[in-house]
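Quick notes on the structure that follows.
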Protein chains: 2
Amino acid sequence: MTARTDDHMTIRQMCDAFEVTPRTLRFYEAKELISPLREGARRLYTRRDRARLKLILRGKRFGFSLEDIRQTLDLYDRQGTNLPQMEHTFALACERLAIMEAQRAELDEAIAELKTELAAGATLIAEVKRGGTAAA
Amino acid sequence: MTARTDDHMTIRQMCDAFEVTPRTLRFYEAKELISPLREGARRLYTRRDRARLKLILRGKRFGFSLEDIRQTLDLYDRQGTNLPQMEHTFALACERLAIMEAQRAELDEAIAELKTELAAGATLIAEVKRGGTAAA
DNA sequence: CGTTACGCTGACGTTAACGTCAACCGCCCT
DNA sequence: AGGGCGGTTGACGTTAACGTCAGCGTAACG
């Protein structure tokens with residue numbers, strides 16, 4: 001029974017939970033995307049690490065690079081007492097939002113096109129099935 | 001005046017139109033994503049090539065690999081008189097549609113989260129600006 | 001008729017994002 | 001004491017998606 005002591009998870013528990021390899025987690029750590037605690041040499045992943053990893057994997061699915069993702073991760077856990085820093089972060093987030101909304105618009109368009117194509121395909125298949133190989 | 005003879009475009013015209021490099025176009029050709037005509041040795045890109053390139057670039061923005069894209073490009077220009085082939089293509093398109101709709105759902109979620117985060121950030125910035133460094 | 005510009009074909013280099021492998025450590029079990 | 005498991009650190013390999021460079025052809029320009 002691989003229990004989850006307190007709030008921390010081992011690397012293997014993380015791998016099972018997120019379907020990634022240990023190598024991937026260590027790689028992300030090397031790239032400073034996550035920064036788990038240490039119990040001796042072992043890594044211990046906290047709630048924060050899990051939240052970040054979730055965002056990382058999501059970002060990847062949207063086609064962002066790890067570097068892109070790294071820069072936007074800070075948007076989600078502000079530690080800022082620093083005003084100019086906060087404003088910069090805010091501006092960055094706005095840009096990011098604009099990008100994602102544009103992406104959404106394009107995605108909708110692509111989906112619509114594909115649906116059209118699908119409908120045409122279905123019709124065509126039905127015709128072929130009914131009329132054999134004969135074309136009008 | 002780089003005219004566009006008939007319907008064909010040179011590689012440079014393509015590059016200017018789509019903001020890609022010649023290398024990229026030749027690379028896509030090597031990967032059999034596009035197949036321009038030849039005038040001697042020179043490549044001539046047709047309307048079909050342009051349509052495909054548009055889909056390719058769009059696919060990339062959604063995070064698909066070129067190989068993924070290559071397989072789905074055939075969905076858009078069917079030449080099928082072959083029924084089993086058509087049905088296979090159809091099935092593939094359905095899967096693709098499901099993936100894209102899932103992606104849209106996730107994108108919507110991500111956008112919502114980011115907006116929440118943005119609102120919180122805006123509030124925080126406003127407070128800091130009003131109250132100085134003092135926290136409640 | 002030289003040369004400048006565009007295009008073509010290899011061939012090798014590069015970057016991101018990991019995979020793989022070796023060697024090592026600490027812990028638990030028998 | 002030995003063995004296995006889980007974890008760690010390098011170090012090198014790999015794949016995708018191009019970039020870059022050399023060498024060649026040819027069409028147009030002055």
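Chain identifiers are assigned alphabetically (A, B, ...) following the order of the sequence lines, protein sequences preceding nucleic acid strands; residue numbering begins at 1 within each chain.
Donor-acceptor pairing under 3.5 Å is recorded for the side chains of B/Gln85 and B/Thr89.
The distance from atom CG of A/Leu66 to atom C1' of C/dC18 is 9 Å, rounded to the nearest whole Å. As rounded to whole Å, 13 Å separates atom C1' of D/dT8 from atom CG of A/Leu44. The distance between atom CG of B/Leu37 and atom P of C/dC8, rounded to the nearest whole Å, is 13 Å. Atom-to-atom, CZ of B/Arg42 to P of D/dC24 comes out at 18 Å; the value is rounded to the nearest Å. With rounding to whole Å, B/Glu39 atom CD is found 13 Å from C/dC6 atom C1'. With rounding to whole Å, A/Leu25 atom CG is found 12 Å from C/dC18 atom C1'. What separates CD of A/Glu29 from C1' of C/dA17 is a distance of 16 Å, to the nearest Å. One can place CZ of A/Arg38 at 6 Å from P of D/dT8, the figure rounded to the nearest angstrom.
OP1 and OP2 of D/dT20 both lie 4.0 Å or more from every side-chain N or O belonging to B/Arg23. Contact annotation: B/Thr10 reaches the phosphate of C/dG7 (side-chain N/O to OP1 or OP2, under 4.0 Å). Residue B/Arg26 places none of its side-chain N or O atoms closer than 4.0 Å to OP1 or OP2 of D/dG19. OP1 or OP2 of C/dT9 lies within a sub-4.0 Å distance of a side-chain N or O belonging to B/Arg43. Listed pair A/Thr24 / C/dG19 meets the phosphate criterion, a side-chain N or O lying under 4.0 Å from OP1 or OP2. OP1 or OP2 of D/dC18 lies within a sub-4.0 Å distance of a side-chain N or O belonging to B/Tyr28. Residue A/Lys60 has a polar side-chain atom (N or O) positioned under 4.0 Å from OP1 or OP2 of C/dC18. Checking the phosphate oxygens (OP1, OP2) of C/dG19, a side-chain nitrogen or oxygen of A/Thr21 falls inside 4.0 Å.
Salt bridge A/Arg26/A/Glu29: absent, no basic N to carboxylate O contact under 4.0 Å. Look at A/Glu101 and A/Arg104 and you find no salt bridge, because none of the NZ, NE, NH1 or NH2 atoms lies under 4.0 Å from a carboxylate O. Of the charged side-chain nitrogens involved, none lies within less than 4.0 Å of a carboxylate oxygen, so that B/Glu117 and A/Arg96 do not count as a salt-bridged pair.
B/Arg12 comes within 4.0 angstrom of sugar-phosphate atoms only, judged by non-hydrogen atoms across all strands, and of no base.
Summarising the local packing, CZ of B/Arg47 is surrounded by 12 or fewer heavy atoms from other residues, nucleotides or ligands at distances under 6.0 Å.
Two residues, A/Ser65 and B/Ile11, neighbour DNA chain C, and the one matched to the more 5' nucleotide by heavy-atom proximity is B/Ile11.
Closest contact between the side chain of A/Phe27 and the listed nucleotides D/dA17, C/dC18, D/dT8 involves C/dC18.
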